[in-house]
Engineer: 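Starting off with a structure, shown below.
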Amino acid sequence: MNAIIRTDRRLSMTVVGPVLGLIALLVAGALLNPNFLGWDNLTNVLARSAFIGIIAVGMTFVITAGGLDLSVGSMAAFIAGLMILMMNKALPGLGVGIPVVLLGMATALIAGLGAGLLNGLLITRLGIEPFIVTLGSMGIYRSLVTWLADGGTLSLDFTLRSFYQPVYYGGVFGISWPIIVFALVVIIGEIVMRSTAFGRHCAAIGSNDQVARYSSVRVGHVRLMTYAALGMLVGVATIMYVPRLGSASSATGVLWELEAIAAVIIGGTVLKGGFGRVWGTVIGVLILSLIGNILNLTDFVSPYLNGAIQGAIIVLAVVLQRESKADG
């Protein structure tokens, strides 16, 4: 009985804790700056966090299944570079219009899927640790985009960029398209995690892949699909990101992997796998975004310390998970 009570308390705290943290940040931001809760500021925060949020949903499945991907930021930079090169090259033949934009989007999705499958195949077929594979691919993708840009910046044609910008700045009912796409990805991700065999298999593999294998779960296939899905979602995030700045360079996507992993862990997904929560990841994304926004709106702490704060939050979240497991 005591064990059950401790477990229920642990589960309730992992659910309530991030929600309380989000509420505390909203209150603190409102007290520090009267414009913090304004519609323009909040929608801007949501739109800018949508890129990380979309990627973090895919990262939730990877981590739940016992994996890890450190390459998503570099992958996004490489995909953005390919997308820009393809659109600029096709512009003389297709002209400024929907076809060239659709070509760029298809390039991003195919490149993302291919990059995710490559990571997944190296991990599942060759048995290389996810940390090693994705650390290597992180360096490869970052070097490739630097090479494509010849050490500088790849820029989308100005007229094409103006045509493409509504994908980021436009929307319906005052809600921009990145927010809408993020919401759709979250809804689909939550349904898949909670209501499908794939989601249950991810949790089973992350908890104990040998037991899952004995239960006729296709462990390698499921893990491969998590990396493929993550790569595809990196492509989706890049599609929404490119029209914002219309460029890509070696600095694109820096620390995106840190933010995505931090959001997943803050949201309650177990770092070693076995349990994942998509809606918790959303709260983690919002917490990180609001921290950065508060630092930019106030003089409370230097905004240059945002990365340090995110790193500290990751360590704290993992420590709290370990303490909760020990108490349970």
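We count residues from 1, following the sequence as given.
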Engineer: Please assess Phe78 against Leu148 for the test side-chain contact (heavy atoms from CB on, under 4.5 Å), listing each intermediate value before the final yes or no.
Structural biologist: CA-CA 9 Å; Phe78 175 61; Leu148 290 174; 3.9 Å; yes

Engineer: Measure the NE2-NE2 distance between His221 and His201 for me, rounded to the nearest 0.5 Å.
Structural biologist: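 Atom-to-atom, His221:NE2 and His201:NE2 are 10.5 Å apart.
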
Engineer: Identify every side-chain donor-acceptor pair in residues 94-108 under 3.5 Å, counting partners at least two apart or on other chains, and give the distances.
Structural biologist:
residue : atom : partner : partner atom : Å
Thr107  : OG1  : Leu103  : O            : 2.8

Engineer: So, Asn293 side chain and Ser289 main chain: donor-acceptor pair closer than 3.5 Å or not?
Structural biologist: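 Pair absent, no side-chain N/O of Asn293 close to backbone of Ser289.
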
Engineer: Please report, to 0.1 Å, the donor-acceptor pairs under 3.5 Å made by any side chain of residues 23-33, with sequence neighbours excluded.
Structural biologist:
residue : atom : partner : partner atom : Å
Asn33   : OD1  : Asn35   : N            : 2.8
Asn33   : ND2  : Leu297  : O            : 3.2

Engineer: Looking at every heavy atom in both Ala111 and Ile79, which two are closest together, and how far apart are they?
Structural biologist: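 For Ala111 versus Ile79, the nearest heavy atoms are CB-CG1, 4.1 Å.
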
Engineer: Surrounding CZ of Arg194 (heavy atoms of other residues, nucleotides or ligands, distance under 6.0 Å), is the total greater than 12?
Structural biologist: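 Yes, because the 6.0 Å sphere around CZ of Arg194 holds more than 12 heavy atoms from other groups.
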
Engineer: Let me check something: any side-chain donor-acceptor pairs from residues 118-136 under 3.5 Å, sequence neighbours excluded? List them with distances.
Structural biologist:
residue : atom : partner : partner atom : Å
Asn119  : OD1  : Ser137  : OG           : 3.3
Asn119  : ND2  : Ser71   : OG           : 3.2
Thr124  : OG1  : Gly120  : O            : 2.7
Thr134  : OG1  : Leu70   : N            : 3.2
Thr134  : OG1  : Pro130  : O            : 2.7

Engineer: Check whether Ser215 reaches the backbone of Val217 with its side chain - one donor and one acceptor, N or O, closer than 3.5 Å.
Structural biologist: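 No; judged by distance alone, with no hydrogens or angles, the pair does not exist.
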
Engineer: Show me, pair by pair, the donor-acceptor contacts under 3.5 angstrom made by side chains of residues 236-248, not counting sequence neighbours?
Structural biologist:
residue : atom : partner : partner atom : Å
Thr238  : OG1  : Val234  : O            : 2.7

Engineer: If you round to the nearest 0.5 Å, how far is CZ of Arg200 from OG of Ser195?
Structural biologist: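 The distance works out to 8.0 Å.
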
Engineer: Does Ile294 share a hydrophobic cluster with Leu37, counting links as ILVMFWY side-chain heavy atoms below 4.5 Å and allowing steps through other members?
Structural biologist: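 Yes; Leu37 is reachable from Ile294 via cluster members.
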
Engineer: Side chains of residues 44-68: which donor-acceptor pairs under 3.5 Å do they make with residues two or more places apart or in other chains?
Structural biologist:
residue : atom : partner : partner atom : Å
Ser49   : OG   : Val45   : O            : 3.0
Ser49   : OG   : Leu46   : O            : 3.0
Thr60   : OG1  : Ala56   : O            : 2.8
Thr60   : OG1  : Thr281  : OG1          : 2.7
Thr64   : OG1  : Thr60   : O            : 2.6

Engineer: Holding to side chain to side chain donor-acceptor pair (under 3.5 Å), I want the full list of residues that pass it with Ser74, two or more places apart in sequence or in another chain.
Structural biologist: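 With neighbours one apart ignored, the set is Arg142.
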
Engineer: Considering only heavy atoms from C-beta outward, does the side chain of Leu230 approach that of Thr226 to under 4.5 Å?
Structural biologist: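 Sidechains of Thr226 and Leu230: no contact.
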
Engineer: By side chain to side chain contact (heavy atoms under 4.5 Å, CB included), which residues pair with Arg213, not counting sequence neighbours?
Structural biologist: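 Arg213 satisfies side chain to side chain contact (heavy atoms under 4.5 Å, CB included) with Gln210, Val219 once adjacent residues are dropped.
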
Engineer: Enumerate donor-acceptor pairs with a distance under 3.5 Å from any side-chain N or O in residues 170-186 to protein atoms, sequence neighbours excluded.
Structural biologist:
none

Engineer: To the nearest 0.5 angstrom, please state how far the CD atom of Glu257 sits from the CG atom of Asp69.
Structural biologist: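 The distance works out to 9.0 Å.
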
Engineer: Are Ile191 and Met225 in one and the same hydrophobic cluster, where Ile, Leu, Val, Met, Phe, Trp and Tyr link if side-chain heavy atoms are under 4.5 Å apart?
Structural biologist: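 Ile191 and Met225: separate clusters.
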
Engineer: Verify side-chain contact (heavy atoms from CB on, under 4.5 Å) between Leu154 and Leu85, making sure each step is shown before the conclusion.
Structural biologist: CA-CA 8 Å; Leu154 292 167; Leu85 286 175; 3.8 Å; yes

Engineer: Name all residues meeting the side chain to side chain donor-acceptor pair (under 3.5 Å) criterion together with Ser162; count only those two or more places apart in sequence or in a different chain, and write none if there are none.
Structural biologist: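 In terms of side chain to side chain donor-acceptor pair (under 3.5 Å), with neighbours along the sequence ignored, Ser162 is linked to no residue.
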
Engineer: Supply the atom-to-atom distance Thr159 OG1 to Leu91 CG, rounded to the nearest 0.5 angstrom.
Structural biologist: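 Between atom OG1 of Thr159 and atom CG of Leu91 there are 5.5 Å.
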
Engineer: Who are the side chain to side chain donor-acceptor pair (under 3.5 Å) partners of Asn88, not counting sequence neighbours?
Structural biologist: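 In terms of side chain to side chain donor-acceptor pair (under 3.5 Å), with neighbours along the sequence ignored, Asn88 is linked to no residue.
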
Engineer: Might you work through the side-chain contact (heavy atoms from CB on, under 4.5 Å) test for Met87 and Leu156, ending with a clear yes or no?
Structural biologist: CA-CA 8 Å; Met87 294 173 73; Leu156 197 60; 4.0 Å; yes

Engineer: Apart from Ile110 itself, what residues make up its hydrophobic cluster, given side-chain heavy atom links below 4.5 Å?
Structural biologist: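 Noted: Ile110 shares its cluster with no other residue.
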
Engineer: Hey, could you give me the CD1/CH2 distance between Ile187 and Trp279, rounded to the nearest 0.5 Å?
Structural biologist: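 One gets 15.5 Å once the value is rounded to the nearest 0.5 Å.
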
Engineer: If the condition is side chain to side chain donor-acceptor pair (under 3.5 Å), which residues does Asp209 pass it with, not counting sequence neighbours?
Structural biologist: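 Result, side chain to side chain donor-acceptor pair (under 3.5 Å) vs Asp209: none returned.
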
Engineer: Taking all atoms of both residues into account, what is the closest heavy-atom pair of Ser249 and Thr153, and its distance?
Structural biologist: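 It is CB-OG1, 3.8 Å.
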
Engineer: Are Val19 and Leu290 connected in the hydrophobic side-chain network, where two residues link if heavy atoms are under 4.5 Å apart?
Structural biologist: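 Yes; Leu290 is reachable from Val19 via cluster members.
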
Engineer: Heavy-atom count around Met138 CE within 6.0 Å, excluding the residue itself: above 12?
Structural biologist: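 Yes.
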
Engineer: Would you kindly confirm whether Val145 and Val72 end up in one hydrophobic cluster when ILVMFWY residues are joined by side chain heavy atoms under 4.5 Å apart?
Structural biologist: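 Hydrophobic grouping puts Val145 apart from Val72.
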
